[in-house]
Amino acid sequence: MYNVVDDVRREIQSGIIAGLARSGILEVLGDFSDRDIPVEYTREKAHGDFATPIALILAGKVKKKPRDVAETIVGNMDIEKDKTRYIQHVEIAGPGFINFFLGREWLEDVLKVILKSGAQYGRSDMGHGRKILLEFVSANPTGPMNVVNARAAAVGASLANILEASGHDVSTEYYINDAGGQINVLGASCELRYLELKGEDVEFPEWGYQGAYIVDIARLAMDKHSKKLEAMDAEKRGEFFRDFALSCMLEEQKASLARFGVEFDVWFSERKLVDAGAVQEVIEILTQRGMVYEADGALWLRTTEFGDEKDRVVVKSDGDYTYLAGDIAYHRNKLERGFDLLINIWGPDHHGHVIPTRAGLEALGYPGSSLEVLLLQFLSLMSRGERVKMSKRAGEFVTMDELIDEVGKDAARYFLLMRNIESHLEFDLSLAKEHSQANPVYYIQYAHARISSIFRQAEGRGINLSDTGGIDFSNLTEEIELDIIRKLASYPDEVAMSAIERAPNRLAGYALDLAGLFHSFYNSHRVINEDPDLTVARLGLSEAVRTVLANVLGLLGISAPHEM
RNA sequence: GCGCCCGUAGCUCAGUGGAUUAGAGCGUCUGACUACGGAUCAGAAGGCCGCAGGUUCGAAUCCUGCCGGGCGCGCCA
């Protein structure tokens, strides 16, 4: 998608290149192109609209003082000759920054582009259609979704949107861990609760899952399949409960995620992978490649060849595969499906697993860079100033559903996204419940709803904004108006940076900033006023703000209401 | 012991090479509509950016060491 800042950046870069070429510096630099010239937004207006520190960067290489380099470059730039649309004036400042002052045309162009692009504004083809598989949540199907899963869901879903908006071909996937021993524990727990419900004298073991949801599943089984169960022998009944409990849990997880607005392209079953012999196949390939050896009755993978601190067991001495073996097979399967890059969102407790898994892929001949793991830090829940304890075994946790019930989907998603993924997140439930109106998400949504309200007012007064192409934006002269446009101009860069840094929290902050600017503008200036031209221009500005707010909220997975 | 993450305002956190004033929200204090939605706005107070060195024209940001917190370090998943 076309965006004005890209044009400005190119103008500045080609101007600098021209200056470097005419001054003879370019020859000395060797491999150097316009892409090596950083163009930055300025923090202060006295520094112009954009600036480049290129003279400071090159000073060392050409062995001259930064300011002299800047003088030389600027002295050899000719804005008239180099024919630029936006640059009006160039200055050298501070230690050697080259500051660019643009005419107000660029700001007017920004608004025109936004109104023309609408929902497309902010999108780019930066990713060049790179195929990415983003796997996240992948919770064990042994309990309801909890708040940690909710954070992964919010971040993963948003990241998928952001990567897609920046030109990547993204597929989202949920890995169902339905082949491990914990499924047997789940089944057995439900079975024992079932026997209890029938009045049999059983002692519920410590290794069983204690949560009330286990009893719910047992009761459901009794209500629905009572006769069938009576006819089963112990072995059949065990199998039944394993499958029944698993499917109940999966349905519940899917329902919770759907309520949270998170959908996956693919639900991938570990058991099917194992049944299809994929793990066996991987072991065979690794054996052929000489990457494994036997010791102590087990089969070991030479992960130390790929930077691991010790080799890892892939086949246990009892003949079972380890979790690592299954995971290597799964990730090989992903790559075999034609993805260029695998991105996983894991909890910090899995960080020790990153290197072995990547080593497994390298042992199979894939590049280590094909697997990228984002370690999402935990969150702690606070309630009335005290930490809420969460333990699956003890059946104490706050579920995703409870979170949605208490603070709402939009607020929950915003709160879970607003922090850097590498930071611990403290989520105060009682505060979110009691003061939910102070949530930033309401502040942002209110700006959006407020603009819609302005348009309802305008329509009521017979003002129509159907022909946005003909708006004369030169009527916008207030400082706050220009500040808003600058903020709007930076939006495509913000999306691109969020994608590159895998940082949805950047956009959460951007949305808050933009909403704040608009609220400030609204309180100090009338959009609908006595001057028809100014009114139309401000309506155009408001529409641009509404468009960008809607776009950014969309990427975050939060609704943009027209009224609240 | 080793590895990863974190340490910034009373609290929760942005900022992760750029410009002699380090930002936001909450909390505290003072103000603002008989006009487009007061879920708003204007302003004030509040900082050895954990500590100490180093690299750089320039460090909250990069490197080293130390201190404090979290999480890992299994033939569990």
Side-chain angles (χ1 to χ4, degrees), chain A residues 38 40 42-44 46-47 51-53 55-57 59-60 65-67 93-97 99 140 142 177 179-183 185 270 295-300 309-310 312-327 347-355 375-378 380 382 385 415 418-428 431 435-447 449-458 460-461 463 501 505-506 508-509 512-513 515-516 518-529 535 538-539 542 563-564:
Chain A
E40 300 167 347
T42 55
R43 264 173 57 192
E44 287 178 51
H47 298 146
T52 176
L56 299 167
I57 294 167
K65 286 182 181 171
R67 260 200 97 98
F97 288 99
N99 295 337
N140 275 338
T142 53
N177 294 279
Q182 79 278 7
I183 296 301
V185 175
E270 178 185 11
D296 305 326
L299 196 68
W300 297 71
E309 57 190 12
K310 60 183 178 188
R312 309 283 171 173
V313 171
V314 283
V315 182
K316 295 186 267 181
S317 49
D318 65 4
D320 283 351
Y321 303 118
T322 60
Y323 179 78
L324 175 63
D327 238 18
D349 51 337
H350 282 66
H351 94 262
H353 201 59
V354 176
I355 287 176
L375 295 175
L376 182 67
Q377 293 296 317
F378 287 141
S380 42
M382 304 295 284
F415 266 79
M418 65 196 287
R419 302 300 178 218
N420 187 320
I421 64 169
E422 291 177 341
S423 295
H424 292 259
L425 182 116
E426 190 161 300
F427 201 126
D428 193 324
L431 193 74
H435 304 284
S436 64
Q437 295 186 343
N439 283 352
V441 68
Y442 287 93
Y443 182 85
I444 298 162
Q445 289 180 318
Y446 184 52
R450 180 173 245 177
I451 294 168
S452 292
S453 173
I454 295 171
F455 275 89
R456 286 192 292 271
Q457 282 285 332
R461 300 184 195 191
I463 304 166
E501 295 177 2
N505 64 297
R506 274 189 84 108
L512 195 63
D513 288 348
F518 187 80
H519 284 310
S520 177
F521 162 68
Y522 177 89
N523 274 276
S524 54
H525 300 85
R526 300 269 313 166
V527 174
I528 299 168
N529 57 74
T535 297
R538 284 184 176 165
L539 282 171
S542 301
E563 51 189 32
M564 296 171 71

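In what follows, every chain begins at residue 1, and chains take the letters A, B, ... in the order their sequences are listed.
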Remember a base hit wins even if backbone is also touched, and classify A:A51 as base, sugar-phosphate or nothing at under 4.0 Å, heavy atoms.
base
In terms of side-chain heavy atoms of A:D296, which of B:G18, B:G37, B:C75 is nearest?
B:C75
Would you please confirm or rule out a distance under 4.0 Å between OP1 or OP2 of B:G37 and any side-chain N or O of A:R450?
no
Output field dot_bracket for RNA chain B (Watson-Crick or G-U, both distances under 3.5 Å, | for other-strand pairs) contains (((((((..((((....[....)))).(((((.......))))).....(((((..]....))))))))))))....
When rounded to the nearest Å, what value does the distance between P atoms of B:C6 and B:A22 take?
24 Å
Which nucleotide in the set B:U21, B:C4, B:C75 lies at the smallest distance from any side-chain heavy atom of A:E44?
B:U21
Just to verify, what does A:Q377 make a side chain to side chain contact (heavy atoms under 4.5 Å, CB included) with, not counting sequence neighbours?
A:R151, A:P348, A:H424
Is A:P348 touching bases, backbone alone, or none of the nucleic acid, heavy atoms closer than 4.0 Å?
sugar-phosphate
Distance col, row A:I454:CD1 vs A:L539:CG, nearest 0.5 angstrom, shows 7.5 Å
Give me the distance, rounded to whole Å, that separates B:U20 from B:C4 when you measure between the C1' atoms they each carry.
37 Å
Measuring from the side chain of A:H519 (C-beta onward, heavy atoms only), which nucleotide among B:A39, B:C41, B:C57 has the closest atom?
B:C41
Choose from B:G74, B:C41, B:C36 the nucleotide whose nearest atom is closest to any side-chain atom of A:N523.
B:C41
Both A:H351 and A:I57 contact RNA chain B. Which one's nearest nucleotide lies toward the 5' end?
A:H351
Taking C-beta and beyond as the side chain, do A:P440 and A:F415 meet within less than 4.5 Å on heavy atoms?
yes
Side-chain heavy-atom pair A:Y446, A:Y443 within 4.5 angstrom cut-off
no
Residue mapping more 5' on RNA chain B - nearest nucleotide basis, A:K316 or A:T42
A:T42
Students often get this wrong, so: under 4.0 angstrom with heavy atoms, is A:F455 touching a base, only sugar-phosphate, or nothing?
nothing
To the nearest angstrom, how far is A:R312 atom CZ from B:A77 atom C1'?
14 Å
Using the P atom in both, what is the distance from B:G18 to B:C62, to the nearest Å?
10 Å
Has A:F97 got its ring stacked on the base of B:A19, with centres under 5.5 Å and planes less than 30° apart?
yes
Interatomic spacing from CZ in A:R538 to NE2 in A:H525 - rounded to 0.5 Å
5.5 Å
OP1 or OP2 of B:A42 sitting under 4.0 Å from any side-chain N/O of A:S520?
yes
On the ring face of A:F518, is A:R450 found with NZ or CZ under 6.0 Å from the centre and within 45° of the axis?
no
Tell me: CD of A:Q182 to C1' of B:C76, nearest whole Å?
9 Å
Taking the side chain of A:L56 as its heavy atoms from C-beta onward, which of B:G37, B:C57, B:A35 lies nearest to it?
B:C57
Going from NZ on A:K65 to CG on A:L56, what distance comes out if it is rounded to the nearest 0.5 angstrom?
14.0 Å
B:C36 pyrimidine/purine six-ring stacking with A:Y522, under 5.5 Å and 30°:
yes
CD1 of A:I57 to OG1 of A:T52, rounded to nearest 0.5 Å, is 6.0 Å
If you measure from the ring centre of A:H47 to the centre of the six-membered ring in the base of B:A19, is it under 5.5 Å, with the planes under 30° apart?
yes
With a 6.0 Å cut-off (strictly less than), is the heavy-atom count around NZ of A:K316, excluding the residue itself, greater than 12?
yes
Touch check for A:N177, heavy atoms < 4.0 angstrom, all strands: base, sugar-phosphate only, or nothing?
nothing
Please report the distance, rounded to the nearest Å, between CG in A:D320 and C1' in B:C75.
10 Å
Of all the choices, B:C5, B:C57, B:C36, which nucleotide is nearest to the side chain of A:Q377 once you look at every atom?
B:C5
To the nearest 0.5 Å, tell me how far A:D327 CG sits from A:Y321 OH.
15.0 Å
So, is A:Q445 close to the B:A39 phosphate, meaning a side-chain N or O under 4.0 Å from OP1 or OP2?
no
Filtered N/O pairs between nucleotides 11-16 of chain B and protein, under 3.5 Å:
| from | atom 1 | to | atom 2 | distance (Å) |
| --- | --- | --- | --- | --- |
| B:U12 | O2' | A:R419 | NH2 | 3.2 |
| B:C13 | OP1 | A:H424 | O | 2.9 |
| B:C13 | OP1 | A:E426 | N | 3.3 |
| B:C13 | O2' | A:R419 | NH1 | 2.3 |
| B:A14 | OP1 | A:N420 | N | 2.9 |
| B:A14 | OP1 | A:S423 | OG | 2.8 |

Would you measure the distance from the P atom in B:A59 across to the matching atom in B:G1 and give it in whole Å?
33 Å
Separation between the P atoms of B:C75 and B:G15, rounded to whole Å:
38 Å
Compare side-chain N and O positions of A:R67 against OP1 and OP2 of B:C57 and report whether any pair is under 4.0 Å apart.
no
P atom, B:C5 versus B:G43: distance in rounded Å?
40 Å
Of the non-hydrogen atoms in A:T142 and A:Q182, which two are nearest, and what is the gap between them?
CG2-CG, 3.5 Å
For the CG atom of A:L376 and the CG atom of A:L425, what is their distance to the nearest 0.5 Å?
9.0 Å
Could you work out the separation of B:A60 and B:U21 based on their C1' atoms and round it to a whole Å?
16 Å
Between B:G72 and A:H350, counting only base atoms on the nucleotide and side-chain atoms on the residue, is there a donor-acceptor pair under 3.5 Å?
no
Look at the side-chain N and O atoms of A:Y442 and state whether any lies under 4.0 Å from the OP1 or OP2 oxygen of B:C26.
no
Rounded off to whole Å, could you give me the OH-to-C1' distance for the A:Y321 and B:C75 pair?
15 Å
Can you tell me, in whole Å, how much space there is between the C1' of B:G68 and that of B:C49?
16 Å
Have a look at A:R43 and say if it touches a base, only the backbone sugar-phosphate, or nothing, with a 4.0 Å heavy-atom cut-off.
sugar-phosphate
By the 4.0 Å heavy-atom rule, please label A:A59 as base, sugar-phosphate, or nothing.
nothing
